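Below is one structure, written out as structure tokens; comments come after it.
We count residues from 1, following the sequence as given. Note that the structure is predicted; figures quoted are calculated from it, not measured.
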Amino acid sequence: MRGPVVVVGDTLLDRDVEGVVNRLCPDSPVPVLDETAATDRPGGAGLAAVFAAAQGAEVVLVTALADDAGGARLSALLAAAGVLVYPLPLSGATPEKIRLRARGRVLLRHDRGGVPGEPGQPSDEVLRVIGAASAVLVSDYGRGVARQPALRDALAATRAPVVWDPHPRGPAAVPGVHLATPNESEVRELVPALPGTSRLAAASRGAQGLRRRWRAGAVAVTLGGDGALLCHAGSTPLVVPTPGSAEGDTCGAGDRFAAAASLALAQGALVSEAVQVAVAEASAYVAGGGVAAALPPPVGTRREPVRAGLAGPGGDRVGIAPVAALLAEVRAAGGTVVATGGCFDLLHAGHVATLQAARQLGDCLIVCLNSDASVAGLKGPDRPVMSEGDRARLLAALSCVDAVMIFDEPTPEAALSWLRPDIWVKGGDYATGGGDTTSLPEAEVLRRWGGNTVVVPYLDGRSTTDMIARSVAPTPTREGVR
């Protein structure tokens with residue numbers, strides 16, 4: 001493949017809540033679910049991107065993230081799965097789908113997030129990466145990303161094969177896509193079947209109608225456990241059956257199908273070959289246990305990547321909620337969001353100088369603070385000296401710091417993808433004191449949404465490591481004095 005596989009679309013936060021039912025609610029004849037476990041995962045376009053990344057491909061996800069806890073959680077889950085997120089701003093809340101399950105069966109699905117928000121404009125870097133893709137998958141969940149005019153222009157102009165996974169509430173595919181992959185019910189909604197038409201005839205008629213309407217190269221209608229029907233320029237459709245029976249949880253099977261077809265096209269397969277690969281992959285996915293068994297362990301593990309907040313002085317400026325409120329306030333006023341990050345173990349004058357200089361560059365300063373686990377992974381088992389709670393409170397107490405968020409990962413990439421700061425600041429002692437921002441690992445991340453990375457002056461001779469070394473060094477004694 002000459003470039004990354006790019007997934008464009010709406011990402012949702014999916015949560016499976018597992019439990020047991022042993023009684024009915026006393027005030028209403030409904031079952032009571034006692035929760036035993038819960039798992040978060042990216043849904044929608046995010047799930048398709050995770051599937052592609054799990055196959056070893058370089059995957060870029062162009063999606064919209066909201067300034068809320070759900071957006072922060074999605075960013076962390078996607079980064080853990082190896083997906084490079086190129087975020088667009090999203091007004092409103094993160095859409096969430098919560099499945100309440102008992103003994104492997106879904107009792108109820110609870111959706112929240114409200115009316116879809118409006119995705120923001122893509123950066124030049126987003127448009128460039130679409131043009132350089134080896135394949136593009138548009139995973140439309142009807143929440144607006146696939147309608148974005150600049151993205152549609154870039155999708156229509158790319159030379160890469162484009163797979164379009166449509167949604168009835170979404171827009172038409174851009175003209176010239178290689179393959180559209182609606183499921184059977186979506187085809188019936190988009191192209192109503194004639195009365196008395198057989199299942200295959202209805203799927204074939206609908207696929208041909210969509211192919212002409214969208215000027216698509218081919219349309220593959222997924223038929224659940226019966227495989228797929230592929231219609232292209234010829235008059236006779238190709239039926240691709242499943243290799244065996246595939247019973248089980250079908251949640252995410254359509255995303256698996258579309259991701260597999262996109263990867264096959266990126267590797268040079270014919271459309272018919274790509275559909276055969278996709279049918280086999282989706283069937284094996286369902287038979288193997290569905291989404292719970294298919295996701296890499298870091299994605300299937302639920303943990304909080306950013307602390308919700310801290311009790312005590314300064315705690316009201318630490319965590320997702322205060323950071324999200326600050327982002328909304330500053331952006332609504334058209335202000336500039338500045339962020340910086342680090343371990344800040346034993347806060348010293350060099351840290352303060354950097355923070356004060358950073359705050360002068362915009363309208364707020366958010367500090368991304370490595371958690372205790374993150375510091376230990378970077379610095380060794382004897383660090384940090386101070387706990388993350390104490391470090392966060394000290395930072396939040398400074399007048400130049402507006403909010404603090406704590407992250408668990410080795411790098412702040414996931415936190416930055418959610419924050420989307422306009423400016424990222426590092427102290428001038430970075431990279432042997434040269435101040436060369438091209439060597440900063442965060443610089444490439446900032447370019448994804450058009451942000452800038454800068455270095456500010458740093459006070460020489462200040463180092464947490466040196467301070468710790470001096471504090472434990474033996475005290476010099478005069479000769480002969482015991």
Side-chain angles (χ1 to χ4, degrees), residues 3-8 11 42 45-46 49-50 53 57-67 71-90 119-133 298-299 305-306 320 323-324 327 331 336-343 354 358 361-362 364-371 374 377-378 403-427 430-431 435-456:
V5 174
V6 178
V7 181
V8 178
T11 300
V50 169
E58 179 187 359
V59 179
V60 165
L61 173 63
V62 178
T63 193
L65 293 178
D67 295 331
R73 180 68 172 143
L74 279 174
S75 186
L77 290 169
L78 291 163
V83 176
L84 303 178
V85 180
Y86 283 56
L88 311 177
L90 176 65
Q121 287 285 332
S123 67
D124 290 341
E125 191 69 10
V126 167
L127 304 181
R128 184 202 64 76
V129 79
I130 291 175
V299 179
V306 183
I320 291 176
V323 171
L327 290 173
R331 285 175 173 151
T336 298
V337 175
V338 182
T340 190
C343 301
T354 296
L361 298 176
C364 71
L365 175 62
I366 298 169
V367 176
C368 300
L369 180 67
N370 294 74
S371 70
S374 178
L378 294 170
V404 179
M405 61 184 295
I406 304 171
F407 65 94
D408 280 331
E409 295 78 21
T411 73
E413 178 177 340
L416 288 175
S417 295
W418 174 63
L419 285 173
R420 302 186 314 279
D422 301 292
I423 301 173
W424 173 256
V425 177
K426 293 291 284 188
Y430 191 87
D436 179 10
T437 59
T438 60
S439 66
L440 293 175
E442 296 90 350
E444 186 276 330
V445 179
L446 268 287
R447 283 195 291 270
R448 296 177 190 173
W449 56 87
N452 295 295
T453 306
V454 301
V455 172
V456 297

Looking only at heavy atoms, what is the nearest atom pair of L446 and P421, with distance? CD1-O, 3.4 Å

Are the side chain of [X] and the backbone N or O of [Y] linked by a donor-acceptor pair below 3.5 Å?
{"X": "S123", "Y": "R448", "result": "yes"}
{"X": "W418", "Y": "L74", "result": "no"}
{"X": "D422", "Y": "V337", "result": "yes"}

Using side chain to side chain donor-acceptor pair (under 3.5 Å) as the criterion, list what pairs up with S374, not counting sequence neighbours.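 Counting only residues at least two positions away or on another chain, S374 forms a side chain to side chain donor-acceptor pair (under 3.5 Å) with N370.
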
With sequence neighbours excluded, tell me which residues meet side chain to side chain donor-acceptor pair (under 3.5 Å) with S75. none

Less than 4.0 Å between a side-chain N and a carboxylate O, is that true for R447 and E444?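 Looking at R447 together with E444, the answer is no, because their closest N to O distance does not fall below 4.0 Å.
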
Could you work out, with salt bridge (charged side-chain N to carboxylate O under 4.0 Å, His left out) as the rule, every residue matching R420, not counting sequence neighbours? D67

Under the side chain to side chain contact (heavy atoms under 4.5 Å, CB included) test, which residues partner A358, sequence neighbours left out? V338, L365, V425

Within a strict 4.5 Å, meaning less than it, do heavy atoms of the [X] and [Y] side chains meet?
{"X": "V404", "Y": "I366", "result": "no"}
{"X": "T11", "Y": "L61", "result": "yes"}
{"X": "V323", "Y": "L419", "result": "yes"}

To the nearest 0.5 Å, tell me how far F407 CZ sits from L416 CG. 8.0 Å

Please check if any side-chain donor atom of D408 sits under 3.5 Å from a side-chain acceptor atom of S371, or the reverse. yes

